[in-house]
Participant: 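One structure follows; several queries about it will come next.
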Amino acid sequence: MSSSPTSNQSNPPWSRDELVLALDLYLLHRNGLPGVNHPDVQALSQSLNLIGNATGVSKNQSFRNTNGVCMKLNNFRRWDPSYTNTGRTGLAKGNKDEELVWLEFANDPVRLAEVVGAIKANVGTTAITPVDLSAEEEPGFFEAEEGKVLTRVHRVRERDKKLVKRKKDEALKTHGVLQCEACGFNFSKTYGPDVEGVIDVHHTKPLHTLQPGDRTKLADLALLCANCHRVVHSRRKWLSVIEVKDRYQAAKNTA
Ligand SMILES: [Zn+2]
Ligand SMILES: [Zn+2]
C-alpha cells in the first residue's frame, strides 16, 4: 500500500468561520486576487488548518491548502457587485453559506474585522483555552452567524457550573426567587420550591467580543427559562433577551 491513507477522502464543506476569514481576505484583494504563493494566502491556509484541527474536521493532507484558498476567494466574486457590475459573472459553484456570509458581513467591515479577530484569538495555538471546539452541535441551538468556534465558546461560558451557581445565588439573594428575565416564569411558583434551580443561564456578551481567558462577570449572564433560552438560539441571528421579552409581551397582548 503506497497511497496515503487519507488520499481518498474529500474535504468537508467550508464552515462559516472559514468563510468569514476568507471573505476578509477577499475584500482586501478584491481588485486583484492573490496567487497560491502570496503570503496572505499562505497565512489564511494556516489559520484555516488551526480551525480545522481545533474543530476536529481537518483529516486530509490537502485540507484548505493554498489552492483551495485561492479557489474559494474566486467563488466570492459572483456575489461582489464591483465584479459582476462589469458584466462578469464569476464561478457558478460554491456553497449556500458563501452568499449568506457575503450578505451578513461584506458591507460591515468593522464587524467583520472584530469577528475575524475573535475567531483567530480563540483558535490560536498559544492560547490556553479549556474550550472543546470539536464538541457536537446541540439540537435546537443554532450555530450563530459568527460560526462554530464562537458559538462553542458562548455555550461553554454559559454552562460554567461555578458561574451558574454564583449567578443563581446572587439572584436569590437580591430577588428572593429565580425568574426568567424574558417571560417572568417562576419555577418554584409553578412546580414547587425544590425545582427552583432548573433555570438556564444565558451569556449575553456579543460573540465578537469573546477573547480567550476573559473572566465572565455575573452581569454578562441572564437567567432564562428553557423555552426563552431556546428562542434566543432558534435562528442563526441570535435574539437578544430584550427581543425575546418584547416578543413575549407582544404575543401576550394580542392573545
Ligand atoms: Zn422565559
Ligand atoms: Zn445562550
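Both ligands and their constituent atoms are indexed starting at 1 by order of listing. Note that the numbering runs from 1 along the sequence shown for the chain.
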Participant: Please determine whether a side-chain nitrogen of the Lys or Arg among Lys167 and Glu170 lies less than 4.0 Å from a carboxylate oxygen of the Asp or Glu.
Facilitator: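 Counted as a salt bridge, because a side-chain N and a carboxylate O are separated by less than 4.0 Å.
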Participant: Tell me whether the Zn ion (ligand 2) has His203 as a neighbour, meaning an N, O or S atom of it below 2.8 Å.
Facilitator: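 Coordinating: no.
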Participant: Write the atom name of the N, O or S atom in Glu158 that is nearest the Zn ion (ligand 2).
Facilitator: OE1
Participant: I'd like the atom name of the N/O/S atom in His202 lying closest to the Zn ion (ligand 2).
Facilitator: ND1
Participant: Between Asp169 and Lys165, does any NZ, NE, NH1 or NH2 come within less than 4.0 Å of an OD or OE carboxylate oxygen?
Facilitator: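 Looking at Lys165 and Asp169, the cut-off is met.
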Participant: Is the closest side-chain heavy-atom distance between Val69 and Leu48 below 4.5 Å?
Facilitator: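 A side-chain contact under 4.5 Å exists here.
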Participant: Between Arg30 and Tyr83, is NZ or CZ placed under 6.0 angstrom from the six-membered ring centre and within 45° of the ring axis?
Facilitator: no
Participant: Thinking salt bridges, do Arg16 and Asp97 make one under a 4.0 Å N-O criterion?
Facilitator: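 Asp97 and Arg16: salt-bridged.
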Participant: If you draw a sphere of radius 2.8 Å around the Zn ion (ligand 1), how many protein N/O/S atoms end up strictly inside it?
Facilitator: 4
Participant: Does the pair Arg157/Asp214 count as a salt bridge with the N-to-O cut at 4.0 Å?
Facilitator: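 Salt bridge between Arg157 and Asp214, a charged N being under 4.0 Å from a carboxylate O: yes.
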Participant: So, Asp200 and the Zn ion (ligand 2): N/O/S under 2.8 Å, yes or no?
Facilitator: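 Asp200 does not place any N, O or S atom closer than 2.8 Å to the Zn ion (ligand 2).
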Participant: So, Lys237 and Glu104, do they make that salt bridge, N to O below 4.0 Å?
Facilitator: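 Looking at Glu104 together with Lys237, the answer is no, because their closest N to O distance does not fall below 4.0 Å.
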Participant: Just to verify, what does Glu99 make a salt bridge (Lys or Arg N to Asp or Glu O under 4.0 Å) with, not counting sequence neighbours?
Facilitator: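 Not a single residue meets the salt bridge (Lys or Arg N to Asp or Glu O under 4.0 Å) criterion with Glu99.
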